[in-house]
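The block underneath contains the structure these notes are about, expressed in structure tokens.
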Amino acid sequence: MKYMKRPMILLVPYPAQGHVTPLLKLASCLVTRGFMPVMITPEFIHRQIAPRIDAKDGILCMSIPDGVDEDVPRDFFTIEMTMENTMPVYLERLIRKLDEDGRVVCMVVDLLASWAIKVADHCGVPAAGFWPAMLATYGLISAIPELIRTGLISETGIPEEQRKICFLPCQPELSTEDLPWLIGTFAAKRARFEFWTRTFARAKTLPWILVNSFPEECIDGKLQNQLIYSPGDGPHLLQIGPLIKHASIRTPSLWEEDFNCLDWLEQQKPCTVVYISFGSWVSPIGERRIGDLALALEASGRPFIWVLRPNWREGLPVGYLERVSKQGKVVSWAPQMELLQHEAVGCYLTHCGWNSTLEAIQCQKRLLCYPVAGDQFVNCAYIVKVWQIGVRIHGFGQRDLEEGMRKVMEDSEMNKRLSKLNERIMGEEASLRVMTNITTFTDNLEKHVVN
Ligand code: UDP
């Protein structure tokens with residue numbers, strides 16, 4: 001029963017697709033290093049992923065209750081409440097059970113689920129952080145005290161004025177309106193800001209933070225010096241990304257993927273189809289903009305595949321789906337990687353979520369960017385200004401879309417830049433760096449391993 005005796009690493013993601021995916025990939029890398037990863041998620045995520053993970057993947061999935069009624073939508077604040085108030089007790093109980101024979105050597109905690117750091121401390125299990133996004137976004141969050149000190153934002157995170165600034169040395173400019181917590185009503189912005197300050201305060205106590213990113217360039221093209229993100233005696237930041245290529249697992253989707261659109265794609269000419277997806281949190285786009293985008297796509301005459309969850313279709317014009325049935329496909333959830341790999345897809349209209357950005361770079365697809373919330377503005381700034389592999393649009397009028405498409409498709413250098421970036425962050429040298437950094441982390445854990 002050697003398999004059963006492997007040292008355990010518990011992994012706790014924030015309960016959303018874009019967080020579960022990279023942690024499962026990390027889990028898969030840990031299996032090959034002789035560990036037994038245990039993915040701990042609330043029941044509503046567990047029942048989607050657990051049946052889709054093969055026993056031979058070597059990852060154990062376990063669930064804890066989140067105490068939320070089935071019919072209550074799990075939005076940001078509901079999830080935050082359960083993470084802070086309900087889930088800790090259940091996680092503690094589970095850890096104590098799993099660790100009965102002292103096999104738990106570490107808990108890797110998604111920093112957006114920083115509540116679990118306290119639980120690990122309480123149980124005496126060493127914790128490491130996992131940052132699922134760009135290092136530049138971590139830098140932005142860690143700059144919060146400085147932003148307050150210099151008067152750029154108030155004590156409650158609200159910008160004093162709207163202007164463009166560099167939040168950290170040599171990063172591309174961002175608008176003060178584009179800070180990750182500025183979503184929704186005034187009260188929502190303040191509450192999200194509190195979430196981020198609390199996250200950062202907890203993260204500071206950790207010895208390690210594993211970052212699902214790679215050395216990023218400055219705006220002048222030079223590689224960023226990590227020290228500006230992790231000065232002094234803060235956590236040791238280890239860049240282990242992108243994890244995309246190193247895991248053998250095909251990460252399960254939280255929703256059923258519509259594979260029929262691949263048959264339709266087969267019939268399209270190379271490089272003609274626009275793929276549209278705003279990730280798993282489409283809600284901030286709003287019905288009016290859904291309607292505008294629908295009309296702009298139709299008017300463009302271009303073939304498209306659009307991921308639109310059923311509850312957002314109310315924004316579609318009456319009779320729209322029938323009208324465009326030859327021109328495009330509207331699906332509830334797509335096999336995104338397969339679509340991006342397909343030669344018929346010419347460009348990806350994206351919200352610039354970090355996983356989607358990495359997947360697009362992996363498949364070398366040009367990006368039309370419409371960031372909506374969170375870290376997407378930082379990612380977009382890198383896509384457009386630093387890597388120059390995409391174009392940003394600011395609205396969904398016919399003109400916005402047509403101009404954006406024209407710019408992104410007519411840039412004759414974009415393919416070369418995509419290929420260069422792909423090689424730099426996913427080529428052999430980069431893979432070696434990822435492997436070495438994961439090994440640095442696991443070697444450190446081996447000291448705690450029981451024999
Ligand atoms: N995704 C998918 N099918 C879809 C839309 C998205 O499989 O129809 C996946 C996508 O491949 C990515 C994840 O969902 O891995 C979204 O993560 P991302 O960080 O891009 O955005 P988020 O949903 O966190 O905003």
Side-chain angles (χ1 to χ4, degrees), residues 13-26 28 41 45 48-49 52 74-76 79 110-113 130-134 136-138 180-181 183 192 211-213 241-245 247 249-262 264-265 273-285 290 304-313 328-342 345 348-363 365 367-380 382-383 390 426:
Y14 180 84
Q17 180 79 62
H19 297 254
V20 172
T21 297
L23 267 183
L24 274 174
K25 296 209 185 275
L26 175 61
S28 175
T41 55
I45 300 269
Q48 301 298 334
I49 59 168
R52 297 184 170 117
R74 287 176 171 83
D75 63 10
F76 179 84
I79 290 178
D110 183 344
L111 290 187
L112 278 88
F130 179 76
W131 182 249
M134 286 191 85
T137 318
Y138 181 78
W181 50 87
I183 308 167
R192 282 175 191 267
V211 183
N212 186 22
S213 184
L243 284 162
I244 283 184
K245 277 181 62 180
I249 188 172
R250 185 193 189 278
T251 44
S253 264
L254 298 187
W255 298 279
E256 201 170 321
E257 294 147 297
D258 183 340
F259 283 96
N260 292 330
C261 58
L262 288 172
W264 178 85
L265 206 53
V273 176
V274 188
Y275 169 57
I276 305 128
S277 158
F278 300 99
S280 53
W281 294 79
V282 78
S283 53
I285 293 174
I290 299 274
F304 66 85
I305 296 182
W306 185 3
V307 180
L308 200 56
R309 313 277 318 137
N311 50 337
W312 281 92
R313 295 193 184 177
K329 286 265 161 220
V330 178
V331 298
S332 296
W333 193 249
Q336 178 158 308
M337 268 312 279
E338 281 84 350
L339 288 191
L340 288 176
Q341 276 160 348
H342 202 286
V345 173
Y348 172 18
L349 170 51
T350 175
H351 68 316
C352 305
W354 185 233
N355 293 288
S356 297
T357 302
L358 291 174
E359 289 156 11
I361 298 171
Q362 184 181 6
C363 303
K365 295 295 177 198
L367 296 166
L368 202 53
C369 304
Y370 188 83
V372 181
D375 64 336
Q376 297 155 16
F377 296 100
V378 178
N379 304 339
C380 175
Y382 273 82
I383 292 169
M426 295 176 190

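Order of appearance sets the numbers: ligands from 1, and atoms from 1 within every ligand. This chain uses plain numbering: 1 for the first residue, then up along the sequence.
- Close approach of ligand 1 to S253 (heavy-atom distance below 4.0 Å) involves ligand atoms 7 (O).
- One option in G374, A334, G353 has a heavy atom closer to atom 3 (N) of ligand 1 than any other, and that option is A334.
- Considering I45, D110, N212 as possible partners of H19, the one that fulfils the side-chain contact (heavy atoms from CB on, under 4.5 Å) test is D110.
- S356 contributes no side-chain N or O that, together with a main-chain N or O of C352, makes up a donor-acceptor pair within less than 3.5 Å.
- Using a 4.0 Å cut-off between charged nitrogen and carboxylate oxygen, R250 and E257 count as a salt-bridge pair.
- Residue contacts with ligand 1 for A16 are absent, since no atom lies close enough (heavy atoms, distance under 4.0 Å).
- Heavy-atom contacts of S277 reach the following atoms of ligand 1: 5 (C) (cutoff under 4.0 Å).
- Taking every non-hydrogen atom of W354 and a distance limit under 4.0 Å, the qualifying atoms of ligand 1 come out as 19 (O).
- Less than 4.0 angstrom separates some heavy atom of V307 from each of these atoms of ligand 1: 8 (O).
- The protein heavy-atom contact nearest to atom 11 (O) of ligand 1 is E359 OE1, 2.5 Å.
- Considering only non-hydrogen protein atoms, atom 16 (C) of ligand 1 sits nearest to S356 OG, 4.0 Å.
- Between the side chain of R313 and the main chain of L308, a donor-acceptor pair closer than 3.5 Å is present.
- The option from R309, H351, Q17 that lies nearest to atom 22 (P) of ligand 1, judged by heavy atoms, is H351.
- Closest protein heavy atom to atom 1 (N) of ligand 1: W333 CZ2, 3.3 Å.
- Distances below 4.0 Å separate heavy atoms of G279 from the following atoms of ligand 1: 23 (O).
- Residue-ligand proximity, G18 to ligand 1, at heavy-atom distances under 4.0 Å covers atoms 17 (O), 24 (O).
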